[in-house]
Amino acid sequence: MPLENVYAILPGSDPNLAKTLFIVSGHFDSRPSNVMDPAADAPGADDDASGVAVSVECARLLSKAGQTGAVRIGRRLLFAAVSGEEQGLLGATHLGGMGEATGLHGWRNAGRRHRG
């Protein structure tokens, strides 16, 4: 089954920051890692659908604010909804690979599990 990411880019207005961007993302899969366990928890909205909602709403509001001139956005913003996170951060890893291939700064940590 192919996995796909969905993303949108809001361009920044400062040419000195053209290769710098901020990523706002969430993942939209809620499938458990062990798909063969019918009792496994797949928390859905409590997992990270809320992160996708934040990403989409930020994209909507900031794109409108940028068009009206209410906000000046210097850096490029990437809003993403990634898939395959429950199966090993597949979507974020793919997204990170895209950034590294294009030479954008700030992608080094995309797709890597944060330890805390």
Side-chain angles (χ1 to χ4, degrees):
M1 170 183 221
L3 300 173
E4 295 187 14
N5 293 334
V6 178
Y7 65 93
I9 297 174
L10 185 62
S13 60
D14 188 339
N16 294 324
L17 301 171
K19 290 200 171 221
T20 302
L21 84 145
F22 288 108
I23 301 171
V24 180
S25 70
H27 65 88
F28 56 85
D29 62 324
S30 64
R31 198 172 85 187
S33 295
N34 182 358
V35 296
M36 299 308 290
D37 181 358
D41 188 23
D46 289 338
D47 181 23
D48 204 33
S50 57
V52 173
V54 166
S55 183
V56 170
E57 186 65 0
C58 284
R60 185 184 74 80
L61 292 173
L62 289 172
S63 65
K64 279 186 177 183
Q67 289 175 348
T68 64
V71 174
R72 182 181 166 272
I73 300 167
R75 290 172 176 83
R76 185 178 348 190
L77 301 173
L78 183 136
F79 304 96
V82 296
S83 62
E85 298 308 280
E86 305 297 347
Q87 287 68 43
L89 303 177
L90 301 176
T93 300
H94 177 72
L95 188 64
M98 284 176 34
E100 290 172 359
T102 58
L104 294 171
H105 303 298
W107 290 76
R108 288 184 300 274
N109 291 323
R112 293 193 175 92
R113 186 178 302 273
H114 295 283
R115 299 177 200 276

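- The distance from atom CG of D14 to atom CZ of R75, rounded to the nearest 0.5 Å, is 8.0 Å.
- Just one of I23, L10, V54 meets the side chain to side chain contact (heavy atoms under 4.5 Å, CB included) condition when paired with F79; it is L10.
- Remark: A80 engages Y7, S25, L78, V82, L95 in a side chain to side chain contact (heavy atoms under 4.5 Å, CB included) (not counting sequence neighbours).
- Two different hydrophobic clusters hold V6 and I9 under the rule that ILVMFWY side chains link at heavy-atom gaps under 4.5 Å.
- The two residues E4 and S83 come nearest to each other via the heavy atoms O-OG, 3.0 Å.
- The minimum heavy-atom distance linking L62 with I73 is given by the pair O-CD1, 3.8 Å.
- Residue pairs satisfying the salt bridge (Lys or Arg N to Asp or Glu O under 4.0 Å) criterion with at least one member in residues 54-64, sequence neighbours excluded, are listed as follows: E57-R60.
- Here V56 pairs with V52 under the side chain to side chain contact (heavy atoms under 4.5 Å, CB included) rule; sequence neighbours left out.
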